[in-house]
Amino acid sequence: MFELVDAEAALDGRPAPLPQGIAAAAALLAGAAAPVIAGLRTDAAGAVAAVALARRLGAVLDHAESEAVLRDLDAMRIGGWIVTTPAQARAFADLVLIVGDPAPDVLAALALERPPMLDAEQRPRRVLRLAAGETLAVRLGLLRALAKRREVAAPHDLVTLAEALAGARYGVVVWSAAQLSSLAIEMLCGLIEDLSAATRYAGLPLPAPGNAAGVAQALGWETGFPFRIAFRDGMPRHDPVHYEATRMVASGEADAVLWLDALGGGPPPWRKQVRLVALAPPGTRFADPPEVALAVGRPGIDHAGALFHPVAAAVLAALPTAPLPRPTAADLLGRIQAALPAC
Amino acid sequence: MLTRITGGRVIDPAHGRDGVGDVWFEDGRIVPPPTGRAADASYDAQGAIVLAGGIDIHSHIAGSNLNTARLLLPDLRRDGSFDGAPASFEIGRLYAQMGFSLVVEPAISPTVAMQAQLELAAIPFIDRAILAVVGNEDFLFHLMRADDGANAIADYVARALAGSRALGVKCINPGAAAALKANARAFGLDDVVPRWGFSSRAIIHALQQAVATTGVVHPLHLHCSNLGLPGNVETALATIEAAEGRPLHLAHLQFYAYGTEGPRKFSSAAPRLAEAVNREKNITVDVGQVMFGQTVTVSCDVLRQFNGRHSAHPRTWSIAEDIGNGGGVVPFRYRRTSFANAVQFAAGLELFLLIDDPTRVFFTTDHPNGAPFTTYPDLFALLMDRELRAQWLATLPQEAVAMTTLPAIAREYTWPEIAMMTRTAPARLLGLVDRGHLAPGARADIAVYRPQADRAAMFRHAALVFKDGVLVARDGEVTTPRFGRVLHSSPGFDRAIDTRLAGFFEDTYGVPHRAFDVAAELVGGTEHFEVVPCRS
Ligand SMILES: [Zn+2]
């Protein structure tokens, strides 16, 4: 067990001055044949700097929560979707269908116990629940058939649910992609589409942790693609299967990893040994000391950063709550890039 | 460093200049020809055309809608031939190589301005600006009911510009996004927002007045109701009339130039619209020309995108609602073989050619809605060459061509008219005194084109492009990236509006209003921004 304590840097677990840490990180990455920049729990500036470094190194970029983000993106890409923001749902939704068991923080921001302030009738909201689980996609298929007024044999609870759903003026369906299969999300989007023929419905996909949605946006404008990007000759390629960081480490394809975790989400999930440069806030515990560990500031806590705001559902400025003079992820990545040998 | 561009045909309509001569610049600004000093660097422009840098007043180059288009369509981008939603860096590169130096992103809701500004900060070479979208927020309707409505709305608009760091005000299908939330599926100029009772017309009036009060130079930039629908020329004509002589900019007018004549009940009504624009001198327009090929429509007209989602090609789309307008992304392919698309193509060109004042008609394709901005070179070539137009028309369905007057139009844009439409007039429309011309004191934003048989090729790869006096592109190849500025207005307002916004947002939406403000320190710092003065 190694804990990054309040040192600027550590080399194989031993405290070192920052310039030495930067030099070691640059040397390690420059010597790698197939480096991966993973974790990516960072602000917009950190994501932009990670893209620049990946482009320079010919590295792969992936986020710790990319699986959930890509599941939502797949649903959008496959069938189209109608979505809204928590802020808008709070103000308008007269019916909220919660699928699975999403994290309580954003749900709390919806103020479901209060009537929607901008709804015409301002009656108490109807809050309904649908359990996640293996049968969800099948149940959603039945629900879609009922919504389309087809004659199907369906369990009583689904018939009741379908009737309730049809009575909404502005219904919102809430889910967290991490808890659902791609198929279930696609079916939810289809259900919203079916219900939209007669009344108004919108999906509310809740954001994954680690600023995954914000980093997906930043990678979008920087490269045109979300996560799981590889740079070859400076050009980005997107392959959601091939460029998954965990798979690349497990298979041995990746020979070095820069793990970027400025938001304090924890160390890499894999057990396999791989050469590691870690950028993490002090206090982060690693099973084994990384070859290079650099202490990084936390956006929105130690310094200002642009982060996806879970209630506004937009990338907004997050001002520091307790400013500390720690380097930002963008600073450190920029310094590592500057320390790479000339190409 | 004193630099001289020698022997080109210098066209600067702002100062009535059109003749062979030199342009001198130093420290990023045009200077008078110096006496007794030799140039440190000299560029030969003999036989070439020398213009100020191009200015695009309406092109969707940033924001969450455009970024959704990127994330929605990775497969289209894979082979590199789709310019509908390039990465930010590519946008700057592609504009610079065509000789552009400023592009305005016209549709950013204040609630998503922070991301748009981050995206702008990633676009190299050119200057950029955004217009802030208002007109569908419940807070605005709330102010329209208040006793101090007019003043409060002006404060609200000024506050939106300040929070977004925006240059001007955009209004997109006013009232329609709010009506869609109440399950309306159509919304015209005199329909009213459910619950509030305000018509689109009333919202336009309120915002025109607010813009005038703030002193922002760019007039209200309006995306009218009923976009794309057969017969919608009546909406556009009624909207022009509703302006009652007050300044108003109508965006992508081509999408409102439709009549209901002919066998398919779809025809070009561009001549009627052009006549109205020629008559009403308070009106400026951009065209939103359709060009054929794959593109993607990105729009804060969420009602239009909602209604159009099933025409997506490929069959994927995104409708995203939000506090105000929200938006939608619907990929689309304009086909030469399509009757409707051919009528749209011709109607756009009719507007360009039948509106006689090149200071009031702008060259947009409403990138990427009518076509990617990379089709501008073809568009300029079509405007300058009736033979080329005839060749294009010959490839279109003739029953569609018959629903337009385009074959009978002989006009060809001259170089001074191109310079006026793409340089002089946009600078004036945006209130920029040191851009769009080549007189001493102007920024040394300069584009040099070398005439050749293929005019489109000439416009695609400018021979020389200078931004603030630095060579940024040569024969279509860009140099080392550098970054221009982001322009915005900064009208004063009564801070009391902050208190009202804070209370409304916190309670209604669960987010502090200030959380939406652009943080300059996260987007390049104060040096990155340039304030465009308001009228005093
Ligand atoms: Zn537009």
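Here is the naming used below: chain letters follow the sequence lines, and residue numbers restart at 1 for every chain.
Looking at B:Glu521, the atoms closer than 4.5 Å to chain A (heavy atoms on both sides) all sit in the side chain, from C-beta outward. If you measure heavy-atom distances from B:Phe306 to chain A, the contacts under 4.5 Å come from the side chain alone. Both the backbone and the side chain of B:Ala515 come within contact range of chain A, judged by heavy atoms closer than 4.5 Å. For A:Leu73, the part lying under 4.5 angstrom from a heavy atom of chain B is the side chain only. The contact between B:Leu522 and chain A is made entirely by side chain atoms (from C-beta outward), counting heavy-atom distances below 4.5 Å. Contacts of A:Ala312 with chain B are made by both backbone and side-chain atoms, with heavy-atom separations under 4.5 Å. There is no contact between B:Leu73 and chain A, counting heavy-atom distances below 4.5 Å. If you measure heavy-atom distances from B:Thr508 to chain A, the contacts under 4.5 Å come from both the backbone and the side chain. In this structure, chain B has heavy atoms under 4.5 Å from both the backbone and the side chain of A:Thr85. If you measure heavy-atom distances from A:Ile78 to chain B, the contacts under 4.5 Å come from the backbone alone. When heavy atoms are compared at a cutoff of 4.5 Å, A:Ala317 approaches chain B by way of both its backbone and its side chain. For A:Asp119, the part lying near chain B is the backbone, with the side chain staying farther off; criterion is any non-hydrogen pair under 4.5 Å. Of the two parts of A:His238, the backbone and the side chain both hold a non-hydrogen atom closer than 4.5 Å to a non-hydrogen atom of chain B.
With sequence neighbours excluded, the residues forming a side-chain contact (heavy atoms from CB on, under 4.5 Å) with A:Val48 are A:Trp221, A:Glu222, listed by chain and number.
Among residues 134-144 of chain B, the residues having any heavy atom closer than 4.5 Å to a heavy atom of chain A are, in sequence order, B:Asp138. Residues of residues 117-126 of chain B that come closer than 4.5 Å to chain A, counting heavy atoms only, are B:Leu118, B:Glu119, B:Ala122, ordered by residue number. The contact list for residues 88-95 of chain A toward chain B, using heavy atoms and a distance under 4.5 Å, reads A:Gln88, A:Arg90, A:Ala91, A:Phe92 by residue number.
Between the B:Thr316 side chain and the A:Met76 main chain, a donor and an acceptor come within less than 3.5 Å of each other.
Per-residue heavy-atom pair counts under 4.5 Å with chain B were compared for A:Ala202, A:Ala109, A:Ala304, A:Cys189, and the maximum is reached by A:Ala304. The choice from B:Asn67, B:Val523, B:Val511, B:Thr68 that makes the most heavy-atom pairs within less than 4.5 Å of chain A is B:Asn67. Residue with the most contacts toward chain A among B:Val302, B:Ile323, B:Ile91, B:Leu71: B:Leu71 (heavy-atom pairs, distance under 4.5 Å). Ranked by non-hydrogen atom pairs under 4.5 Å with chain B, the options A:Pro226, A:Gly220, A:Ala111 are led by A:Gly220. When each of B:Val112, B:Val518, B:Leu180, B:Thr111 is checked for heavy-atom pairs under 4.5 Å with chain A, B:Leu180 comes out on top. No other option in A:Ala313, A:Pro236, A:Pro86, A:Ser196 has as many heavy-atom pairs under 4.5 Å with chain B as A:Ser196. For chain B, the option among A:Arg237, A:Met117, A:Arg200 with the highest count of heavy-atom pairs below 4.5 Å is A:Arg200. The most heavy-atom pairs under 4.5 Å with chain B, out of A:Gly79, A:Gly224, A:Ala314, come from A:Gly224.
A salt bridge links A:Arg114 to B:Asp507: one of the charged nitrogens lies within less than 4.0 Å of a carboxylate oxygen.
No more than 12 heavy atoms of other residues, nucleotides or ligands shown are found within 6.0 angstrom of CD on B:Glu477. By the 6.0 Å contact criterion, CD on B:Glu527 is open, its count of non-hydrogen atoms from other residues, nucleotides or ligands being 12 or less. The neighbour count for B:Arg482 CZ, taken as heavy atoms of other residues, nucleotides or ligands under 6.0 Å away, is above 12.
The minimum heavy-atom distance between B:Trp317 and A:Ile82, with the atom names listed, is CZ3-CG1, 3.7 Å. Closest heavy-atom contact between B:Arg185 and A:Ala197: NH1-O, 4.0 Å.
Atom CD1 of B:Ile319 is separated from atom CD1 of A:Ile192 by 12.5 Å, given to the nearest 0.5 angstrom. Rounded to the nearest 0.5 angstrom, A:Leu319 CG and B:Asp517 CG are separated by 9.5 Å.
Between B:Arg195 and A:Leu118, some side-chain heavy-atom pair lies under the 4.5 Å cut-off. Taking 4.5 Å as the limit, every side-chain heavy atom of A:Arg169 sits out of range of all side-chain heavy atoms of B:Asn183. At a threshold of 4.5 Å between non-hydrogen side-chain atoms, the residues B:Glu321 and A:Val83 do not count as touching. By the 4.5 Å heavy-atom criterion applied to side chains, B:Arg309 and A:Trp81 are not counted as neighbours.
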